[in-house]
Amino acid sequence: MRRALEPAGGLYMAESAKVLARALEAGHRPRSVLVQEKWVPDAAALLGSLPDVPVYVVPASVAEQVTGYPVHRGVLAAMHRPDLPTVRNVLAGARRRPHSRIAVLENLTDHANVGGAIRNAAAMGVDAVLVTPGCADPLYRRAVRVSMGTVFQVPWTRIDGWPRDGMQLLKDAGYVVAGMSLGEDSITLDELVAEDHGDLALVFGAEGHGLTPATDRLLDRRVTIPMMHGVDSLNVAASSAVAFYATR
């Protein structure tokens with residue numbers, strides 16, 4: 001429902017003054033803002049240059065009644081959803097740097113994992129993030145919050161025709177496509193780093209099942225993170241942090 005309704009209405013929600021500040025810095029425009037009374041000074045500082053944006057000031061009890069949960073961060077903004085760039089434009093921007101790295105999130109369903117992976121990408125200098133059609137919305141409220149607003153800093157877009165057409169687009173652009181996989185012929189993350197690829201696309205699969213078989217068949221490299229004590233996998237956001245750090 002969220003994936004269908006919010007994008008169709010050109011809407012997303014930004015929660016907390018910090019997230020709203022990063023959205024504004026990225027050039028995003030608020031439709032309206034709901035503010036608890038004690039957070040009015042923070043909202044006024046952020047929105048002083050936007051006098052036409054409606055600001056609704058309410059007691060904490062009203063904010064909780066409207067949203068259905070305690071609002072601890074004091075500010076909720078309904079934002080105009082920006083138009084997504086094309087994959088080609090995102091890749092062109094990423095390849096302005098030598099040794100560019102991009103991440104592909106395939107069918108992640110947990111918004112916290114999407115937000116966490118994007119936050120990791122920002123922290124570790126990943127140049128862009130691509131999300132497949134079945135992946136949760138990076139602009140959903142919880143994903144934005146978990147990303148700490150870095151979803152507004154890291155270039156991202158949806159990649160259609162995944163995996164065949166999308167994967168071919170990456171390869172035609174010069175990327176070695178490496179998927180985090182337990183499949184046959186896997187190499188370790190250390191071995192991938194030692195190969196020192198110029199442009200690298202790291203693909204992360206869905207919680208539980210990992211990469212789809214169709215994607216796994218098309219990879220240039222299958223990569224595992226060596227683990228101990230019988231542990232065979234990490235949470236996808238955690239594995240992205242390890243992979244981004246190792247390939248930085």
(message) Show me the pairs that pass ring pair (Phe, Tyr, Trp, His ring centres under 6.0 Å) and involve residues 166-224, at least two apart or across chains.
(response) Phe204-Phe244

Please enumerate all residues that pass side-chain contact (heavy atoms from CB on, under 4.5 Å) together with [X], with sequence neighbours excluded.
| X | value |
| --- | --- |
| Ser16 | Lys18, Val19, Arg73 |
| Pro226 | Thr188, Asp190 |
| Met227 | Ile225, Val231, Leu234 |

(request) With sequence neighbours excluded, give me every salt bridge (charged side-chain N to carboxylate O under 4.0 Å, His left out) pair touching residues 215-228. (result)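 Found Lys171-Asp220, Glu195-Arg221, Asp216-Arg222.
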
(request) Mind checking ring-ring contact (aromatic ring centres under 6.0 Å, His included) for His28 and listing every partner two or more places apart, or none if nothing turns up? (result)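 Only Tyr12, Phe152 meet the ring-ring contact (aromatic ring centres under 6.0 Å, His included) criterion with His28.
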
Under the salt bridge (charged side-chain N to carboxylate O under 4.0 Å, His left out) test, residues paired with [X] that sit two or more places apart:
| X | result |
| --- | --- |
| Glu25 | none |
| Arg22 | none |
| Asp42 | none |
| Arg119 | none |

Scan the side chains in residues 121-129 for donor-acceptor partners under 3.5 Å anywhere in the protein, sequence neighbours excluded, and list what turns up.
residue : atom : partner : partner atom : Å
Asp127  : OD1  : Arg97   : NE           : 2.8
Asp127  : OD1  : Arg97   : NH2          : 2.8
Asp127  : OD2  : Arg101  : N            : 2.9

(message) Suppose we screen for side-chain hydrogen bond (donor to acceptor under 3.5 Å, both in side chains). Which residues come up paired with Asp165, at least two apart in sequence or across chains?
(response) none

(message) Rounded to the nearest 0.5 Å, what separates atom OG1 in Thr157 from atom CG in Leu91?
(response)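 So the OG1 of Thr157 and the CG of Leu91 are separated by 10.0 Å.
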
